[in-house]
Amino acid sequence: MKPILFCITFMIVCSCKNTEKSEEGTKKSSTDISAISAKDFTEFKVLDSKYIDNSKLWEGFTDDLADFTEDKYNALKPLILEQDIPTMQQHIQDGKLSYENLTKFYLYRIRAFDRDNDLSLNSVISLNPNVISEAKQKDFDFKNKMRKHPIFGMPILLKDNINTVDMPTTSGAVAFQNNNTKDAFIVERLKAQGALILGKANLSEWAYFFCGDCPSGYSAIGGQTLNPYGRKIIDTGGSSSGSGVAVAANFCVAAVGTETSGSILSPASQNSGVGLKPTIGLLSRSGIVPISSTLDTPGPMAKNVTDTAILLDAMRGFDATDSKSVKRHLENSSYYEKNFKANKLKRKRFGVLTTLLEDSLYVRAIEDLKSEGAIIIEIEPEKIELPDFLRLLNLDMKNDLPNYIKTSGDAKLTVKSIQDVMAFNQKDSMATMPYGQSLFAGIVADSATDEEFESIKNTLKTNGKLFFDTPFERHDLDGILSINNYHAGFAAVAEYPAITVPMGYTDSGVPKGLTLIGRPWTEALLLSWAYAYEQASKRRVAPEKYN
C-alpha cells in the first residue's frame with residue numbers, strides 16, 4: 001500500500017532547482033516529497049500522549065455523565081450511530097432524542113474507545129468543559145423555536161489548529177500547550193448557527209510540516225492517532241488525522257479539518273469518510289495556525305455527503321481580515337436540501353486518468369457513475385511539474401506562523417518564530433520531538449527575495465491550473481476523477497476544490513475514496529455529484545470493532 005499522503009502526489013517529478021539543508025545536514029531537493037509522503041509504519045516511537053491525563057480530561061464530566069448508563073447508551077444507538085444530521089434532527093423533532101443526550105452519547109463513546117484501552121484511537125486532544133450545559137441550552141432554545149440551521153445542536157470536533165475560546169489551540173505542539181485564544185472566524189460562524197463545539201481533534205503536529213521522518217497522525221500533545229479500520233496497521237492519513245478518525249468512529253456528528261495539500265482528502269479517504277477541500281477563499285482562515293497563507297483552507301469532514309454540505313454551509317461567511325475571502329461567492333448557493341433532490345450526474349462529463357485504471361475500486365466507481373448517466377472520458381495526465389513546492393511552504397510558514405502568533409495567538413506565548421519553537425523543543429527533545437524537526441530546519445535554512453517568492457507562487461499556480469484546465473477544455477469536462485489525495489498537490493496550487501467519497505476497501509481492508517475535482521467555486525456541483533455517487537454505490541461500512 002503506497003497511497004500518497006498529505007502534500008504532493010506521486011505525479012510530481014522530483015526535479016532539483018533549489019536545495020536546503022535538513023536538520024541532519026544532508027541536501028534535499030525542494031521538490032523531494034519523501035519527508036511528507038506515506039510511510040508504512042507498523043512500529044511507533046511513541047504511542048500514547050505524555051501530556052494528556054485521562055482522569056483529568058474527564059473529571060469535569062463525572063456528575064453530568066453519572067446517569068448516562070450503558071442501557072441508555074444502547075437504547076440511543078439506533079437513533080445516532082451512522083445517522084445523518086437530518087435524521088437526528090427529525091428524532092429530536094419527534095421527541096425521541098435531545099441535544100443533551102446526543103452530546104452525552106458522543107462523550108460516552110470517546111471515553112469508552114479513545115484512550116487507555118485495547119481499542120484506543122487517540123483521536124481527541126481536549127473536550128469542551130461547557131458542552132453539556134450548552135447542549136441543555138440548545139434543548140431549551142429548540143422548544144422556543146430558535147433552530148434556524150440544520151447544524152443547530154450538533155456536536156462538532158475541531159482540528160486542534162483551529163482557535164476556540166473553550167480550549168487551548170495546540171497544533172499538537174508542546175510549545176503551544178497553553179495557547180488560549182479567541183474563536184476563529186469559522187468557529188464564530190458555527191456557534192452563530194447553533195453548533196456545539198464538542199472538543200479538539202488530534203492531528204499530525206504542525207499540520208504535518210514539522211518532523212519529516214514521522215508517521216502521519218502523530219503529535220507530541222495528542223500521541224499517535226490510529227485508524228479504526230486497522231489499528232497500527234492502516235495509516236490514518238495526515239494531517240487532519242484526528243478529525244478523520246473521530247468521524248469514522250462516530251465520536252462526533254462531523255469534524256472540521258484543514259488542508260494545505262491533501263490534509264483533508266487524505267484522512268477522509270483513509271478512514272472511509274467524506275472530506276471536502278473548498279476553493280481557497282470560500283472559508284475564512286483567520287484564527288487557524290498556518291502553514292501557508294497561499295494554500296491553506298479549512299473544510300468539512302463527515303460520514304456522508306449530506307452532513308459535509310451542512311457543515312460547509314454553516315462555516316461560510318465573508319471575512320474582511322482574510323485576504324483571500326471572496327464575498328461574491330458566499331451568497332445564493334445551495335449546498336444541501338434542494339441540491340440533492342435530483343440526479344445531477346446525468347450527461348456530466350468526467351475525465352478518468354488512465355494511470356489509475358489498474359485500481360479495481362476506481363474502475364468499479366467509474367461503472368457506478370456510468371450507471372447513473374455520467375459520460376466517462378479517458379485522459380492521460382498532463383506531464384507537468386510543481387517546482388519548488390516545498391519552498392513555497394517553507395517561505396510562507398516562516399512568515400505566517402509569527403504573524404498568527406502576533407495576531408491570533410495567546411499573548412503569553414514565549415515562542416515567536418520557527419527558530420523559537422525549535423529551541424524550545426531541544427530542551428526536552430525526547431518528549432517534544434522524538435522524530436526530529438527536520439522540516440522546521442528546512443524552513444529556517446530557506447530564504448528568497450520577494451521577487452523570487454512571487455515567481456515561485458506564480459509558476460506553481462500556473463502549472464496547477466494547466467494540469468486541470470488542459471483536459472477540461474480539450475474534452476469539455478465537468479470534473480476530473482482521482483483517488484484519495486493522489487492529485488491534491490495540483491489542486492492545492494491551482495486553488496481548485498475537491499471532494500472524496502468512500503469507494504470501498506482493498507483486499508486487506510484499507511479504505512479508499514473516489515475524489516472528484518472541479519473548477520473554482522463549484523462546491524455545490526461537487527457535492528451534488530458526490531451525493532449521487534454515494535447513494536448509488538453506498539460503499540461506506542462502519543469500522544467493525546467500534547459499533
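Just the heavy atoms: all of them, side chains too, but no hydrogens, waters or symmetry mates, feed the values below. Residues: numbered from 1 along the sequence shown.
- Here D478 contributes atom CG and F350 contributes atom CZ; the two are 6.0 Å apart, rounded to the nearest 0.5 Å.
- Between K457 and E454 a salt bridge is recorded (basic side-chain N to carboxylate O distance below 4.0 Å).
- What you find for P155 and C252 is that their closest heavy atoms are O-CB, 3.8 Å.
- A donor-acceptor contact closer than 3.5 angstrom is absent between the side chains of S371 and D368.
- Looking at heavy atoms from C-beta onward, M503 lies in side-chain contact with I483 at the 4.5 angstrom threshold.
- Ring pair F209/F440: centre-to-centre distance not below 6.0 Å.
- There is a side-chain donor-acceptor pair under 3.5 Å between T500 and T515.
- Using a 3.5 Å distance cut-off with no hydrogens or angles, the side chains of E380 and T354 do pair a donor with an acceptor.
- Atom NZ in K344 sits 10.0 Å away from atom CG in L527 (nearest 0.5 Å).
- Annotation: side chain of V326 is not in contact with side chain of L282 (no heavy-atom distance under 4.5 Å).
- Side-chain contact check for E82 and N250: at least one donor-acceptor pair (N or O, by modelled atom type) lies under 3.5 Å.
- Between K191 and E188, no side-chain nitrogen of the basic residue sits less than 4.0 Å from a carboxylate oxygen of the acidic one, so the salt-bridge criterion is not met.
- Side-chain contact between T169 and Y404 is present, with heavy atoms from C-beta onward closer than 4.5 Å.
- Between L477 atom CG and I379 atom CD1 the span is 6.0 Å, to the nearest 0.5 Å.
- Within 6.0 Å of atom CD in E544, 12 or fewer heavy atoms from other residues, nucleotides or ligands are found, so the atom counts as exposed in its surroundings.
- Judged by a 6.0 Å distance limit and a 45° cone about the ring axis, R519 is not positioned over the six-membered ring of F468.
- Inter-residue side-chain proximity for E378 and L357 is flagged as met; some heavy-atom pair is nearer than 4.5 Å.
- Using modelled atom types and a 3.5 Å distance limit, the side chains of N227 and T236 yield no donor-acceptor pair.
- Using a 4.0 Å cut-off between a side-chain N of Lys or Arg and a carboxylate O of Asp or Glu, D359 and K512 qualify as a salt bridge.
- Taking the centre of each ring, H487 and F467 come in below the 6.0 Å mark.
- Remark: K338 fails to qualify as a cation-pi partner of F340 under the 6.0 Å distance and 45° angle criteria applied to the six-membered ring.
- Looking at L481 and L516, their side chains come closer than 4.5 Å, going by heavy atoms from C-beta outward.
- Under 3.5 Å, the side chains of Q224 and N122 contain no donor-acceptor pair of N or O atoms.
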Please determine whether ring-ring contact (aromatic ring centres under 6.0 Å, His included) holds for the pair Y229 and Y505, giving the CA-CA distance in whole Å, both sets of side-chain angles, and the decisive distance to 0.1 Å. CA-CA 10 Å; Y229 290 93; Y505 307 83; 5.7 Å; yes
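- A salt bridge between R474 and E382 is present, with a side-chain N of the basic residue lying under 4.0 Å from a carboxylate O of the acidic one.
- Taking 4.0 Å as the cut-off between side-chain N and carboxylate O, E495 and K465 do not count as a salt-bridged pair.
- Across A184 and G287, no two heavy atoms sit closer than the pair CB-O, 3.5 Å.
- Listed here is the closest heavy atom pair of V493 and G464: CG2-CA, 3.7 Å.
- Under 3.5 Å, the side chains of K159 and S243 contain no donor-acceptor pair of N or O atoms.
- Here the shortest heavy-atom pairing between S325 and D319 reads OG-N, 3.0 Å.
- Side-chain N/O atoms of E205 and S171 include no donor and acceptor closer than 3.5 Å.
- A side-chain donor from one of S292 and D396 sits under 3.5 Å from a side-chain acceptor of the other.
- Rounded to the nearest 0.5 angstrom, L283 CG and L312 CG are separated by 5.5 Å.
- Between the side chains of N202 and S219, at least one donor N or O sits under 3.5 Å from an acceptor N or O.
- The heavy-atom pair separating A254 from L311 by the smallest distance is CB-CD2, 3.8 Å.
- Residues D469 and Y496 meet the side-chain proximity criterion, which asks for heavy atoms closer than 4.5 Å.
- Remark: side-chain polar atoms of R349 are paired, donor with acceptor, to backbone N or O of H475 under 3.5 angstrom.
- Between L226 and S120, the shortest heavy-atom contact is CD1-O, 3.5 Å.
- Residues Y435 and Y218 bring their aromatic ring centres within 6.0 Å.
- Within the 4.5 Å cutoff, the side chain of L203 has heavy atoms near those of the N161 side chain.
- In summary, D296 and R285 do not engage in a salt bridge, as defined by a charged side-chain N under 4.0 Å from a carboxylate O.
- With a 4.5 Å cut-off on side-chain heavy atoms, V256 and L157 do not count as touching.
- Side chains of T164 and D183: a donor on one and an acceptor on the other come within 3.5 Å.
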